[in-house]
There are 2 protein chains.
Amino acid sequence: MQSEFNLIKEYFTRPSKNADLGVGDDAALVSASPGHQLAISTDMSVAGTHFFNDFPPYFIGWKSLAVNISDMAAMGASPKWATLAIAIPDTDKAWLSEFSRGFFACADAFNVSLIGGDTTRGPLNISVQIMGEVPNGQALRRDGAKSGDEIWVSGSLGGAALAVHKIQKNTLDAKKPSDQSLVEKLQHPQPRINLGLALRGIAHSAIDLSDGLIADLGHILESSQLGATIDWSKIPHFDSAPENLSVETIQTFALTGGDDYELCFTAPSNRHSDIINIGKSLDIPLSQVGTIKANEGLIVLDDKNNPISIKGTGYDHFK
Amino acid sequence: MQSEFNLIKEYFTRPSKNADLGVGDDAALVSASPGHQLAISTDMSVAGTHFFNDFPPYFIGWKSLAVNISDMAAMGASPKWATLAIAIPDTDKAWLSEFSRGFFACADAFNVSLIGGDTTRGPLNISVQIMGEVPNGQALRRDGAKSGDEIWVSGSLGGAALAVHKIQKNTLDAKKPSDQSLVEKLQHPQPRINLGLALRGIAHSAIDLSDGLIADLGHILESSQLGATIDWSKIPHFDSAPENLSVETIQTFALTGGDDYELCFTAPSNRHSDIINIGKSLDIPLSQVGTIKANEGLIVLDDKNNPISIKGTGYDHFK
């Protein structure tokens, strides 16, 4: 069987653009940019919990890095360096080759250098740490929301969760374009880095939507000790036309479904037109879906301004 | 069952001394020191591969961080920040409490701040990333060895491997002081940070001994494109007096046994006395065990200067 050192050489060693010393020593060496803070985050992906075992390895590689880059987007940081620790049950060359192809495709797309790693034997587990940079004091934090802020989300919500639902119910039709786009949402998330960078100095707070809007907006509200109202009619949800779903089900997917990796952010109403222009220039749909309130609590209103009760409050591995 | 967010709050959130923003946002924020490079490394620990399932959780916590800090020692870097991603099959409060107690005991001992993390459900897997700092250009690398360098090791070698051997053979006597010290070596490694810092500007190359002297020195030789001779008589091996082992077995443990987390480094002979003094001032045994040679290849000589053939070349998860 192939050695750990050869595995790293063959599949995970590339010239590291942004590094003084890359893969192959006890540690990598990098130089931080003056006047910047380092933004550092880690996300672990486990087979069966974060992706189906038959997920194509290319997309496991892409997504395991993309979900980390999404945390940089949520901070308004530029991603620069990543490390990868991976446990694999055996050295399946075809799997490793496709996994690393997807991982590096994501790294190249966002100008991230893989600077270190560890491969070991064990149940499939992929642990990535991402490091990025943000000018001193300009990071988009969860605790900066202000009463009266408008609440915005990018893209559309609930598509990834619907894809998971259809895969579990075995109702996904790989030939149907609408189902293909749902699977694309789930397997091939596109972190909103350019949006995060554009929101520096404009947004008061931001978070990426990994656990569902209600759960993730809830983190902003908790950190900022504020409340919010959301207008269901303004929520940009997945295209439900090809589906035969009740409004309640659509609401559940769009408001509590995880894995969309869109951004939710809050900004003062006097920046409304600036944000519209950012969306146009980046060609990213941006929707104002509610308002931050001084009183704690999160209320979702239907089009008659009646509160909606929503099942579940987002994905949590331990609930 | 307890939520992922509460687990992080209860067991893994502490005030982060060295961080601008610690656990609880999409990413942590830290400020790098001017004139320094960042040293970054990651190590994953898997139940059954890196520790026995009945390993006390306190020591799983200690060791999962200590093996990462050891990589900072090998670079001559000061460890500062760590992230922890952990997959656990269920929320066993007693286990988590002991694990985090051991993890933070190690963090406090080496002035490391846990600045970020991820908890998820899955087969037990602990992935730690460590970040430290080293003054520009002063890192101890693997590729800096020079022909004629003296080869040094700290502490004693083979004790951890013998502990593993006795646990597997069920011959370990928890009441025997000599066996207790073997288990201490295995479960409670002490990264040689102070030694790594003292060797800046003196050592030409360094590595920490995680896979055994022959394998790890082999990485220095490969990176530096040089060879070496080792004198068995100079190898500071574990106390074999209480054991009934053949010389060949003692040599195998001392030369190819992993998990010692001592340092192996090379330095010019004119720094010999400086290194002796460093060992005295830090109260760390330092032994000169061989010499770097211009010709590639690693030869171990017995006390009659005859080459010894050694079974195995160190621990590799995929051999």
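Within every chain, numbering begins at 1; the chains are lettered A, B, ... in the order of the sequence lines, protein sequences first and strands thereafter.
Residue A:Asp211 comes nearest to A:Ala215 through the heavy atom pair O-CB, 3.8 Å, listed as atom of the first residue, atom of the second, then distance. Listed here is the closest heavy atom pair of A:Met72 and B:Ala27: CE-CB, 3.7 Å. The shortest heavy-atom contact between B:Leu114 and B:Val23 is O-CG2, 3.8 Å.
For the set B:Ser31, B:Ala39, B:Ser33, the count of heavy-atom pairs under 4.5 angstrom toward chain A peaks at B:Ala39. When A:Ala85, A:Gly116, A:Ser45 are compared by the number of non-hydrogen pairs under 4.5 Å with chain B, A:Ala85 comes out ahead. With respect to chain B, the highest number of heavy-atom pairs below 4.5 Å among A:Leu124, A:Val46, A:Val128, A:Leu29 belongs to A:Leu29. Looking only at heavy-atom pairs under 4.5 Å with chain B, the residue among A:Asp20, A:Asp25, A:Asp71, A:Val30 that has the most is A:Asp25. Heavy-atom pairs under 4.5 Å with chain A peak, among B:Leu140, B:Asn68, B:Asp43, at B:Asp43. Contacts with chain B were tallied for A:Ala32, A:Pro34, A:Ala74; A:Ala74 has the most, counting heavy-atom pairs under 4.5 Å.
Using a 4.5 Å cut-off between heavy atoms, B:Val134 contacts chain A through its side chain alone, with no backbone atom that close. At a 4.5 Å heavy-atom cutoff, A:Ala19 makes no contact with chain B through either its backbone or its side chain. Of the two parts of B:Glu133, neither the backbone nor the side chain holds a non-hydrogen atom closer than 4.5 Å to a non-hydrogen atom of chain A. With a 4.5 angstrom heavy-atom cutoff, A:Leu84 touches chain B only via backbone atoms. Contacts between A:Ile115 and chain B at a heavy-atom distance below 4.5 Å involve the side chain alone, from C-beta outward. Residue B:Ala77: no heavy atom, backbone or side chain, is found under 4.5 Å from chain A.
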Q: Determine, step by step, whether B:Lys63 and B:Asp259 satisfy the salt bridge (Lys or Arg N to Asp or Glu O under 4.0 Å) criterion, reporting the C-alpha distance in whole Å, the side-chain angles of both residues, the deciding distance to 0.1 Å, and the verdict.
A: CA-CA 10 Å; B:Lys63 188 169 182 175; B:Asp259 260 16; 2.7 Å; yes

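Using a 4.5 Å cut-off on side-chain heavy atoms (C-beta onward), A:Asp208 and A:Glu262 make no contact. The shortest distance between side-chain heavy atoms of B:Cys264 and B:Asp216 does not fall below 4.5 Å. Residues B:Phe265 and B:Ile151 have side chains not in contact (no heavy-atom distance under 4.5 Å, counting atoms from C-beta outward).
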